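Down below is the structure, laid out as structure tokens.
All ligand and atom numbering here is 1-based and tracks the order in the structure. This structure is a prediction, so every number in the text was calculated from the model and none was measured.
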Amino acid sequence: MFDILKTNINGVYILKPKVFKDNRGFFMESWNKKDFFNIGIKKDFVQDNHVQSKKGVLRGLHFQTKHKQGKLIRCINGKIYDISVDLRKNSKTFGKYFSVLLSDKNKNMLYIPEEFAHGYLVLSDKTEILYKTTDYYYPEYESGIIWNDKTLNINWNLDKYKIKKSELILSSKDQKLPDFNEYLKIY
Ligand SMILES: Cc1cn([C@H]2C[C@H](O)[C@@H](COP(=O)(O)OP(=O)(O)O[C@H]3O[C@H](C)C(=O)[C@H](O)[C@H]3O)O2)c(=O)[nH]c1=O
């Protein structure tokens, strides 16, 4: 059982699971095929990912050019500031981004359809996220856009979260991602 919040980007949803608390702790359904189908999320998930990161890690912005992946993301320990960028050519929000705080406290879940670049800034140590994808990992089709692209102009809220740019931890791959204008030339 979920409350569904539509967002300013068509097809991107925040799902708030119903949390059953008692003197033992809590129970919640984190995914239910029927409920998702009724929302309009009809593609099956085929892979589950579990990622742990230190505070200050920034992963992304990533997407697969073929075998594009829809994602259902949730944070089970700590918190992340999650960013997804609409790359659907015919979308009226093409190039626009959606941001949301996902944490073990708010238990919010984010669903993004295929053709979105995805990334997140990690706001606390030993943060763990779980996310399902609607297609498999194909490293040969991995691509991305640099996190601080001037055209996308994403506000990562570094000041708000008191994370210095010099403290950010990115993979060497992510440090070399192309910018949005290069992306526009290729795809
Ligand atoms: C994504 C992925 C990675 N891997 C292996 C490949 C590397 O040896 C290792 C770390 O991969 P990577 O550095 O690409 O992990 P992230 O930077 O977290 O990548 C993810 O970051 C952003 C936020 C995403 O939304 C994507 O799901 C994904 O691109 O895990 C796998 O075995 N399977 C996978 O599905």
Side-chain angles (χ1 to χ4, degrees), residues 7 9 11-15 30-31 36 41 43-88 91 93-104 106 108-149 152 154-158 161 163 165 167-180 182-183 186-187:
T7 66
I9 297 191
V12 174
Y13 299 105
I14 293 177
L15 298 104
S30 52
W31 174 66
F36 274 62
I41 302 174
K43 273 199 87 171
D44 273 338
F45 296 108
V46 296
Q47 182 176 315
D48 249 337
N49 299 325
H50 181 171
V51 187
Q52 184 188 76
S53 307
K54 297 180 219 172
K55 179 174 179 179
V57 164
L58 193 153
R59 296 177 186 253
L61 298 157
H62 301 159
F63 56 90
Q64 290 189 164
T65 56
K66 288 186 180 160
H67 297 279
K68 297 171 182 177
Q69 298 174 310
K71 294 167 186 165
L72 177 67
I73 307 124
R74 66 193 179 103
C75 181
I76 59 166
N77 187 37
K79 51 187 168 182
I80 63 169
Y81 183 60
D82 193 287
I83 297 286
S84 40
V85 181
D86 190 351
L87 298 179
R88 299 169 299 187
S91 167
T93 49
F94 176 74
K96 297 280 179 268
Y97 71 92
F98 178 74
S99 62
V100 61
L101 187 77
L102 304 178
S103 72
D104 61 339
N106 69 24
N108 284 340
M109 299 163 60
L110 174 70
Y111 175 76
I112 54 174
E114 291 80 3
E115 297 200 86
F116 277 72
H118 179 240
Y120 55 88
L121 174 64
V122 179
L123 303 177
S124 44
D125 256 336
K126 287 205 167 183
T127 284
E128 296 189 59
I129 68 159
L130 301 178
Y131 62 102
K132 293 177 175 309
T133 58
T134 60
D135 206 335
Y136 298 103
Y137 173 57
Y138 287 86
E140 64 271 38
Y141 295 126
E142 264 202 311
S143 186
I145 297 167
I146 193 77
W147 69 279
N148 59 351
D149 178 79
L152 297 178
I154 293 167
N155 178 4
W156 288 91
N157 279 340
L158 295 181
Y161 294 123
I163 295 175
K165 194 174 169 188
E167 293 168 341
L168 288 175
I169 305 167
L170 282 85
S171 65
S172 52
K173 176 183 72 172
D174 285 358
Q175 291 174 37
K176 297 185 288 237
L177 287 171
D179 67 23
F180 190 53
E182 288 162 78
Y183 162 80
I186 306 165
Y187 303 106

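Within a 4.0 Å radius of atom 10 (C) of ligand 1, the protein contributes no non-hydrogen atoms. Not a single protein heavy atom sits closer than 4.0 Å to atom 30 (O) of ligand 1. Distance screen at 4.0 Å: atom 7 (C) of ligand 1 has no protein heavy-atom neighbour inside the cut-off. Within a 4.0 Å radius of atom 35 (O) of ligand 1, the protein contributes one or more non-hydrogen atoms.
Of all protein heavy atoms, the one lying nearest to atom 22 (C) of ligand 1 is H62 ND1, 3.2 Å. In this structure, the protein non-hydrogen atom closest to atom 26 (C) of ligand 1 is Y131 OH, 3.4 Å. The protein heavy atom nearest to atom 3 (C) of ligand 1 is Y137 CZ, 3.7 Å.
Considering K68, Q69, H67 in turn, H67 is the only one that fulfils the side chain to side chain contact (heavy atoms under 4.5 Å, CB included) rule with Y138.
Between Y131 and Y120, the gap from one ring centroid to the other reaches at least 6.0 Å.
Side-chain atoms of N106 come within 3.5 Å of backbone atoms of L101 as a donor-acceptor pair (strictly under, hydrogens ignored). The backbone N or O of Y141 lies less than 3.5 Å from a partner atom in the side chain of T65, making a donor-acceptor pair. In this structure a side-chain-to-backbone donor-acceptor pair under 3.5 Å is missing from Y161 to W156. Between the D174 side chain and the S171 main chain, no donor and acceptor come within less than 3.5 Å of each other. Using a distance-only test at 3.5 Å, with no hydrogens or angles considered, a donor-acceptor pair links the side chain of N77 to the main chain of K126.
On a distance-only criterion, D174 and ligand 1 share no N/O pair closer than 3.5 Å. Where the criterion is an N or O separation shorter than 3.5 Å, residue side chain and backbone included, Q47 meets it with respect to ligand 1.
Heavy atoms of K173 found under 4.0 angstrom from ligand 1 belong exclusively to the side chain. Heavy atoms from both the backbone and the side chain of H118 come within less than 4.0 Å of ligand 1.
For ligand 1, the atoms closer than 4.0 angstrom to any heavy atom of Y120 are 23 (C). Against a heavy-atom cut-off of under 4.0 Å, E142 is close to the following atoms of ligand 1: 14 (O), 29 (O).
Between the choices K71, Q69, R59, Q64, the shortest heavy-atom distance to atom 24 (C) of ligand 1 belongs to K71.
Ligand 1 has no atom lying under 4.0 Å from any heavy atom of F63.
Donor-acceptor pairing under 3.5 Å is lacking for the side chains of H62 and E142.
Ring planes of F36 and F45: perpendicular class, angle over 60° (limits at 30 and 60°).
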Q | Verdict with supporting geometry, K132 and D48, salt bridge (Lys or Arg N to Asp or Glu O under 4.0 Å) | A | CA-CA 4 Å; K132 293 177 175 309; D48 249 337; 3.1 Å; yes
